[in-house]
Amino acid sequence: MEYNFREIEQKWRQKWKDTQAYTVSNESGKPKYYVLDMFPYPSGAGLHVGHPLGYIASDIFARYKRLKGFNVLHPMGYDAFGLPAEQYAIDHGIHPAASTEKNINTFRKQLDNIGFCYDWNREVRTSDPKYYKWTQWIFLQLFKSWYNRQTDKAEPIDRLVAIFEKEGNINHPVPNSRFELPGGTGQVFTATQWAAFDEFTQQSVLMEYRLAYCGFGEVNWCEALGTVLANDEVINGVSERGGHPVVKKKLRQWYLRITEYADRLQRDLETVDWSDAMKEMQTNWIGKSSGAEVEFSLASPPTPLLGERGGAASPGAGKSYKTADNNWHILKEFGRENRKNPTPAEDLLWQHIRNNKLGFKVRRQHTVRGYIVDFAILEAGLIVELDGEYHSEEQQRIYDEARTDFLKELGLTLIRFRNEEVLQNVEEVIEKIKIAIQEQKQNSVNAAGLPLLPGEKGSGDEAAGVRGLRVYTTRPDTIFGVDFMVLAPEHELVEQITTPDQKATVDEYVAYVKSRSERERMAEKKISGCFTGAYAVHPFTGKNIPIWISEYVLAGYGTGAIMAVPAGDERDHKFAQHFGIPITNIFGDVYTGEEAVSDKNVTLYNSGFITGLPVKEASEEVIHALEENGDGVRKINYKMRDAAFSRQRYWGEPFPVIWKDGIAYPLDESELPLELPHIDEIKPGKDGEGPLSNNEGWLTSFSPSFGGGRGESSTMPGYAGSSWYFLRYMDPHNDAAFCDRKASDYWNQVDLYIGGTEHAVGHLLYSRMWTKALYDLGYIGFFEPFKKLVNQGMIQGSSRFVYRVRGTSKFVSHGLRNQYETDQLHVDVNIVDGVELDIEAFKKWRNGEYANTEFILEDGKYICGVEVEKMSKSKFNTVNPDDLVNKYGADTFRMYEMFLGPVEQSKPWDTKGIEGVHRFLKKLWRLFYDENGPIWTDTAPSPSERAGGEATAAELKILHQTIKKIEDDTERFSFNTGVSAFMIAVNELTELQCHKKEILENILVLLTPYAPHIAEELWHQLGNSGSILDAPYPKFEEKYVLETSKTYPVAINGKTRTELNLPLDITQQEVEKLVQENDIVLKWLEGKPPKKVIYVKNRMINVVV
RNA sequence: GCCCGGAUGGCGGAACUGGUAGACGCGCCAGACUCAAAAUCUGGUAUUGGCAACAAUGUGCAGGUUCGAUUCCUGUUCCGGGCACCA
């Protein structure tokens, strides 16, 4: 009886369907296990052999876990929203909903062919309104939440409003440091001010806190296509389709405030079982770095006054705020001492007003003309003093009054608080300070010309409103090596600081950069940039530093500006060399002048007060000095940016918001889902809006409850639906919640997640953030979605080529192609056997396009060229799993995909070896049947008449070795060696002519996860009932595989020369003796005694001569 | 450019914690069965030299550590993936 795989597989697929064999319940006494695949985007090309690699691996593991007694959740669905369907619609006029539906049906049929154990009752589709109702709902939760840095979690926005009403935002600073309250009054407001804000201002402020918020961001804009493009749709500044120019454009965009989660996303990586490479990629993406943000004042007025800074030799002379007289450095020492021993009240107030929290720079223990003041807000001409205990002394009071008068003469206002005032109600104190600032600011306009504050920024007319140039650096220690500053070309200051004579050059350069994608800018080897004509002032030396712009500084990272230290940074070094900027050496002999010093174990040189200090200490000193002077703050930065969450596209989830008077209002949850309207023709909207903007009727249709307004015309990105789908599988049909808390408590984290590394940062990071947000808000009970992650490698295509002789219809074989001038053409890999072209099939290919072709053969064959490329339809190198399943069966296909190599490894597809696996299954079959029928034997003599007696020791050894190997290999996802172990077992059992049911039955159970159809069939043939998935998993017993001796390799100087069979319990002395009696060893010893004999039990013996 | 992987016979790969390099399969060669072919079965197969025993070489490349390195370290080349609107 033959192995008829077609009949068997079809039969069992139907039976499993009929018996609902893979339906999973949320109620079970068994322990749970959740195995998940990254769900596919149903592309029009259908499934190719690369897709199922991960699915087969997870299917094996899911079945294995089920056999081991777990209640296994193993679902599947479709990531069905996305750009390709939309593009297809634009090109072919087929609606995305229709093409997606069609593609899903194809995918499903293909998946079914392979015999997966998915519980299809739980299928999800992200484009289904029943599903995206909850995507929208989660968006609304994010919109209605903010991140409380004090409790370190997301909380409802109502709570923030309550806080504002009580104390303003003094304890909860605005996340975005560039934010300005209306009227340019900084970032901090009091409860009174909050109450006075109008609705628009209040909502604008809240928007700055929401986890899902609206802001402005740059996109790749293609005017000719009227649409926004992805980075990889832009090549060399033009669109991939059509080659139209692409520029950056600022558009209103939705964002997710993922940066608030940066630290937790980083920290919690410790709690998951992912590969180090994967964790490292996430770590790099998050890009946590610590350093300092330094504010350089601008030299002003620009260039003409440069020479007027007299006394530049004395320290601090060039500082923009020179407020003390010649004794200032003595006083400064006092100030420094005081700073180290602040009173509790001083410290408390300082914590509330430092770091620009008032919107103004505050200096502490600042020297003013012979006096040390507690706090100085020089920009506003305000001095804040706190009483110490000694201030109650009468004499002190008189002194204080005298000082007040003196400061008044200088045009400064002094306000004074008692210590208790501060300690008891710091909010009120701050409110008073703010009010004083407001008042003083108005007055100080008149006081602008006072000699007290030479070089004060803001005093010049042109630079009015410019606070200074803020840079972020991870190397504050190199600050004495700053030779120039570099701004991102799109930095907001560029326009303001550029001098008239540099304007033309700068404008030209900015326009050039605007046409380049971020990736091009990062990958650029050529050095480009230009000088703005402006200078910044060094906070310690007072030296003027030229300000440049260059594309190697990115606007989105840090402050969009850097202090360039050529001696300590390679890119800065190249830049300086290229433009001939003199380089300051701050590393002494270590710096050769050839390249920047990257070594961090150096001491500094020529660096003022940090000369001679090592990097780390120097950094600390510099940060302290900056903070004391109010010129900078310690700062932790993240490379990660907030995630752009809107797309100017049609085929995505609509935003459940309505815009009215510039305010975004959330739709009521009862109105969800907000369904995507069906539109007949998808075309871009005006001014960069998405296609939905052409549908004015729809945009205004859901606004009546708001009394007008307009919906959002952009849609959510692809990752919206995929950021939470693993939760929906737990409770897929729930109409009252995205997932019942009971269900998510039961299934909890995904125990095993399998998918490609291409999602290393995007999808995996967003899912983690959504999970954390839902956890914070109390909707689920775990904060990491995927406990263990296994990355399957990418299956590449192996392309085949034919060579057409130019100008003819002749094709020449690969080996002879150099004798002609040829064009290389892709040929369908499916009509090539290895490298030999099936000429008849080729003639029929593409509807007989090559029917009359002649061939120039070598050795009577046409040999094709080979190249490894990405698998794609256009390269004719895709292989359809359907064809292979049809020819060899699903079991063969599954095992072959696994046999190709380690799951994690990328490799090109090659169908060649599949025969071997198919042969193995046939060989397995022949352990049960020969041409005449069943041949298995029973232990009991009757009734089968084929009694085989007890299993022999050799047979039991094979069985138990296999049990151990398969368990080990399956547990560590080494499925390729697992398949190999089955082959070895079958080969050995065949050799022993073992047909004993007792042995074979166990082998079948082991095989079930890998080849479920044949295992189930033979299991039933052996007379079992029920499903083999419910059979007990064989138990490994060591006693069957124990050995008493081992054949050791004997090496001389590490090179194996012979073997010795030795008992396992032999001692070192005995080994040494036996080794020295061995003929071959003696030959290599050449009469000398061995230097040493190394004996490692169970491993090897090495003789050192 | 930056980040993360990978490289072992003619091919896919094995060697799990530093201990016999090449398991298992493909391909190839030889043989059996057959009029013949397919299928199936048996044996061989890293390279070089040798009838053989055996010897030398050998895990991308160049070094290092070690009694011993595919495995650890340093440098380097090539290939693949990602780099924020492809999914």
Side-chain angles (χ1 to χ4, degrees), chain A residues 38-43 79 81-84 87 219-220 227-234 253 275-281 283-285 287 518-525 552 556 571 639-649 652 717-719 722 756-763 765-766 791 793-794 796 834 868 870 896 899-902 904-910 912-917 919-920 922-923 926 968-969 972 974 976-977 979-984 987 1047-1059 1091-1094 1096 1098-1105:
Chain A
M38 288 186 186
F39 62 170
Y41 175 81
S43 76
D79 187 13
F81 271 136
L83 187 57
Q87 195 53 47
V219 293
N220 299 310
T227 178
V228 173
L229 296 176
N231 268 343
D232 56 291
E233 294 178 296
V234 184
Q253 300 286 352
S275 71
D276 289 341
M278 199 57 45
K279 289 184 180 183
E280 210 170 324
M281 274 190 259
T283 298
N284 289 331
W285 180 272
E518 199 162 289
R519 203 177 306 169
E520 282 170 340
R521 287 175 58 176
M522 288 189 289
E524 188 54 80
K525 276 186 200 164
Y552 83 91
R571 280 175 312 174
K639 206 157 31 178
M640 182 166 68
R641 310 195 285 258
D642 278 341
F645 195 64
S646 45
R647 301 289 183 264
Q648 280 62 49
R649 306 285 182 192
Y719 67 81
S722 62
T757 44
E758 65 271 23
H759 298 288
V761 280
H763 160 64
L765 211 55
Y766 301 132
N791 293 111
M794 182 153 295
Q796 290 137 277
V868 173
K870 206 167 186 160
Y896 182 58
F899 190 57
L900 272 179
E904 304 93 338
Q905 200 167 299
S906 290
K907 57 234 154 187
W909 177 265
D910 192 345
K912 232 168 47 186
I914 197 168
E915 301 269 2
V917 176
R919 245 170 252 161
F920 152 74
K922 284 200 271 191
K923 202 165 176 181
R926 280 198 304 276
D968 285 356
D969 285 352
R972 65 189 175 99
S974 180
N976 56 328
T977 53
V979 174
S980 149
F982 283 122
M983 289 173 169
I984 293 168
N987 285 346
T1047 303
Y1048 283 90
V1050 180
I1052 317 286
N1053 286 336
K1055 192 91 193 152
T1056 308
R1057 296 296 173 186
T1058 185
E1059 285 178 346
K1091 227 182 230 166
K1092 202 174 171 189
V1093 175
I1094 295 157
V1096 184
N1098 242 323
R1099 293 288 182 193
M1100 45 65 69
I1101 295 159
N1102 190 19
V1103 182
V1104 185
V1105 180

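First the proteins, then the strands, lettered A, B, ... as listed; each starts at 1.
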Practice item. Look at the side chain of A:E233 against the base of B:C85 and say whether a donor-acceptor pair falls under 3.5 Å; ignore hydrogens and angles. Key: no

**Study point:** B:C29 and B:A69, which share atom name P, separated by this distance in whole Å
**Key:** 38 Å

Exercise for review: Answer with base, sugar-phosphate or nothing: what part of the nucleic acid does A:D968 contact at a heavy-atom distance below 4.0 Å?
Suggested key: nothing

Exercise for review: Determine the Euclidean distance between corresponding P atoms of B:C61 and B:C85; express it in Å to zero decimal places.
Suggested key: 41 Å

**Study point:** Backbone N/O of A:A760 and side chain of A:T757: donor-acceptor pair under 3.5 Å
**Key:** no

Practice item. Report which part of the nucleic acid A:G82 touches: base, sugar-phosphate, or nothing (heavy-atom distance under 4.0 Å, all strands). Key: sugar-phosphate

Review point. Within the structure shown, what part of the strands sits under 4.0 Å from A:E758 by heavy-atom distance: base, sugar-phosphate, or nothing?
Key: base

Check your understanding: Which part of the nucleic acid, if any, lies within contact of A:L229, taking any heavy atom under 4.0 Å across all strands shown: a base, the sugar-phosphate backbone alone, or nothing?
Key -> sugar-phosphate

Review point. Does the side chain of A:R1099 get closer than 4.0 angstrom to OP1 or OP2 of B:U17 through an N or O atom?
Key: no

Practice item. Answer yes or no: does a side-chain N or O of A:N976 lie under 4.0 Å from OP1 or OP2 of B:A14? Key: yes

Exercise for review: Pick the C1' atom in B:U71 and in B:G60, then give their distance to the nearest Å.
Suggested key: 16 Å

Check your understanding: For A:A277, which contact category applies under a 4.0 Å heavy-atom criterion: base, sugar-phosphate, or nothing?
Key -> sugar-phosphate

Check your understanding: Would you say a side-chain N or O of A:R972 is under 4.0 Å from OP1 or OP2 of B:U17?
Key -> no

Check your understanding: Taking the same atom, P, in B:G27 and in B:A39, what whole-Å distance lies between them?
Key -> 9 Å

**Study point:** Base paired to B:A15 (Watson-Crick or G-U; both N/O distances under 3.5 angstrom)
**Key:** none

Review point. Taking atom P in both B:G5 and B:A87, what distance in whole Å separates the two?
Key: 27 Å

Review point. OP1 or OP2 of B:A84 less than 4.0 angstrom from a side-chain nitrogen or oxygen of A:N231, does that happen here?
Key: yes

Review point. Looking at A:N987, does any N or O in its side chain come under 4.0 Å of the phosphate oxygens OP1/OP2 on B:G25?
Key: yes

**Study point:** Any strand: nucleotide that pairs with B:A30 via Watson-Crick or wobble, under 3.5 Å
**Key:** B:U42

Review point. So what does A:M278 touch, heavy atoms closer than 4.0 Å: a base, only the sugar-phosphate, or nothing?
Key: nothing

Check your understanding: Is the base of B:G9 syn or anti, where syn means the angle lies within 90° of 0?
Key -> syn

Exercise for review: State whether a side-chain donor-acceptor pair under 3.5 Å links A:K1092 with A:N1102.
Suggested key: no

Check your understanding: Is B:A7 paired to anything, Watson-Crick or G-U wobble with both distances less than 3.5 Å, and if yes, which nucleotide?
Key -> B:U77

Point to revise | Most 5' of A:Q253 and A:N1053 on RNA chain B, judged by nearest nucleotide | key: A:N1053

Exercise for review: May I ask you to say what A:K1092 touches in the nucleic acid, namely base, sugar-phosphate or nothing, with a heavy-atom cut-off under 4.0 Å?
Suggested key: nothing

Check your understanding: Does A:R919 place a side-chain N or O at less than 4.0 Å from the phosphate oxygens OP1/OP2 of B:U40?
Key -> yes

Exercise for review: Would you indicate what A:P717 reaches in the nucleic acid, counting non-hydrogen atoms under 4.0 angstrom: base, sugar-phosphate, or nothing?
Suggested key: nothing

**Study point:** Distance below 4.0 Å between A:Q905 side-chain N/O and B:G13 OP1 or OP2
**Key:** yes

Check your understanding: Do the side-chain N or O atoms of A:S275 get closer than 4.0 angstrom to the phosphate oxygens (OP1, OP2) of B:C4?
Key -> no

Check your understanding: What is the base-pairing partner of B:C72, counting Watson-Crick and G-U wobble geometry with both distances under 3.5 Å?
Key -> B:G64

Practice item. With C1' as the reference atom in both, quote the distance from B:A52 to B:C35 in angstrom, rounded to an integer. Key: 40 Å

Study note, to complete from the structure: The Watson-Crick or G-U wobble partner of B:C85, with both key distances under 3.5 Å, is none

Check your understanding: Which part of the nucleic acid, if any, lies within reach of A:R649 when heavy atoms closer than 4.0 Å are counted: base, sugar-phosphate only, or nothing?
Key -> base

Review point. So what does A:P902 touch, heavy atoms closer than 4.0 Å: a base, only the sugar-phosphate, or nothing?
Key: sugar-phosphate

Check your understanding: What nucleic acid atoms does A:S646 come within less than 4.0 Å of, heavy atoms only: base, sugar-phosphate, or nothing?
Key -> base

Check your understanding: Considering only the P atoms, how many Å lie between B:C83 and B:U70, rounded to the nearest integer?
Key -> 37 Å

Check your understanding: Does A:N1102 get its side chain close enough to the base of B:C67, under 3.5 Å, for a donor-acceptor pair?
Key -> yes

Check your understanding: Counting only heavy atoms not in A:N1098, do more than 12 sit closer than 6.0 Å to its CG atom?
Key -> yes

Exercise for review: With heavy atoms under 4.0 Å as the rule, sort A:D969 into base, sugar-phosphate or nothing.
Suggested key: nothing

Check your understanding: In the strands shown, is B:A56 matched to any nucleotide by a Watson-Crick or G-U wobble pair with both distances under 3.5 Å, and which?
Key -> B:U47

Exercise for review: For nucleotides B:A56 and B:G6, find the distance between their P atoms and express it as a whole number of Å.
Suggested key: 33 Å

Review point. Counting any heavy atom closer than 4.0 Å, what does A:K279 reach on the DNA or RNA strands: base, sugar-phosphate only, or nothing?
Key: nothing

Check your understanding: Would you say B:U40 has OP1 or OP2 under 4.0 Å from some side-chain N or O of A:K922?
Key -> yes

